[in-house]
Novice: 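Structure below; questions to follow.
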Amino acid sequence: MSIELKLSRASRIYHPSEPLEGKIIVKSSSSISHYGVRLTVNGSVNLQIRGGSAGIIESLYGVVKPISILNKSTEVRPSGKIGSGTTEIPFSMFLRQPGKDNLERCFETFHGANISAQYLVTVDIIRGYLHKTLSATVEFIVESDKADLLERPVSPEMVIFYITQDTQRHPLLLELKSGGFRVTGKMSTQCSLSDPITGELTVEASAVPIYSIDIHLLRVESILLGEKIVTETSLIQSTQIADGDVCHNMTLPIYIILPRLLTCPTILAGPFSIEFKVSVVISFQSQLYKLHPKSDPTTPTLWTAMESLPLELVRTR
């Protein structure tokens, strides 16, 4: 015997004001009695403090409790029987009660390193004390209602940046420090989640040949733990925009598509916050680089130069 939850949309993307629709598919070789078919929707923000973050001791790990966003349950079918073969039971359930003031905030689905906002729908076929309850769970994705979005357009303004040996706060190879380099560019730092991050970059001069130019997309997750804020920055994705020693004074385009589940609108909530930034990383050809090819891309090294820019992500209509 098997039970399956099938949502009405292949994308599994729903908005809080819309009904969550689909069907429950039960396959059984014989008819079964049950005490009701119940559907439950749960949404929560899960907060996790990992080892090594700000030296938090293990006894505090369990202190951060999940934040409940949504918890609704409804009976899809009363007590009765389900016949043999394949049975399909349709369902429809509003995440928010239409026409009522909804004070609770539905955060968008997000999967981070320490913070995740997740929505699950579970079906239970209750079979009494002698039989195990049959269950199935599926994750669905929540995006903000269009009515809740700001009408302001995303600013087309670009932030200008430049990277030289003098802008670096970490030690550099002697030949980089003495010979020098200069890279200039501009990038959009407020971006709609449905649009790419765009910009351009130019290598004006470099005494040492360039090995690679990469754009790192980073998330900055902060969790309030007692009176302390624990913040951790982690890499979401890395996009290479140049391979090898590029021609000087040639404009290179920057075009980065945002990954859906790993990004969300910038959130500054009370117990937690999710922010983003982009980092331009220039790696120079060096013997040291060949010795440490798997070094952490977010950690400054003697053979890299970098510039980080804050990135505000918004959901637009």
Novice: Tell me whether His15 contacts the main-chain N or O of Ser17 through its side chain, where contact means a donor paired with an acceptor under 3.5 Å.
Specialist: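 No, His15 side chain to Ser17 backbone: no donor-acceptor pair under 3.5 Å.
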Novice: Find out if a path of hydrophobic residues (ILVMFWY) with successive side-chain heavy-atom gaps under 4.5 Å connects Ile25 to Met93.
Specialist: no
Novice: Does the pair Glu275/Arg219 count as a salt bridge with the N-to-O cut at 4.0 Å?
Specialist: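 The answer is no: the pair does not qualify as a salt bridge.
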Novice: Rounded to the nearest 0.5 Å, how far apart are OG of Ser84 and CD1 of Ile32?
Specialist: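 So the OG of Ser84 and the CD1 of Ile32 are separated by 11.0 Å.
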Novice: Hey, does the side chain of Gln168 reach the backbone of Met306 with a donor-acceptor pair shorter than 3.5 angstrom?
Specialist: yes
Novice: What do you reckon, are the aromatic ring centroids of Phe94 and Tyr14 less than 6.0 Å apart?
Specialist: no
Novice: Among residues two or more places apart or on two chains, list those pairs meeting ring-ring contact (aromatic ring centres under 6.0 Å, His included) that have a residue in residues 167-206.
Specialist: Phe181-Phe284
Novice: Might you confirm whether atom CD1 of Ile257 has over 12 heavy atoms from other residues, nucleotides or ligands at distances under 6.0 Å?
Specialist: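 Not buried by this count: 12 neighbours or fewer within 6.0 Å.
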Novice: Please determine whether a side-chain nitrogen of the Lys or Arg among Lys277 and Glu312 lies less than 4.0 Å from a carboxylate oxygen of the Asp or Glu.
Specialist: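 Salt bridge between Lys277 and Glu312, a charged N being under 4.0 Å from a carboxylate O: no.
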Novice: Measure the spacing between CG of Asn46 and CD of Gln48 and express it to the nearest 0.5 Å.
Specialist: 9.0 Å
Novice: Does Arg260 come within less than 4.0 Å of Glu108, counting only side-chain N to carboxylate O?
Specialist: yes
Novice: Give a yes or no answer on whether the side chain of Ser188 reaches the backbone of Thr198 with a donor-acceptor pair at less than 3.5 Å.
Specialist: yes
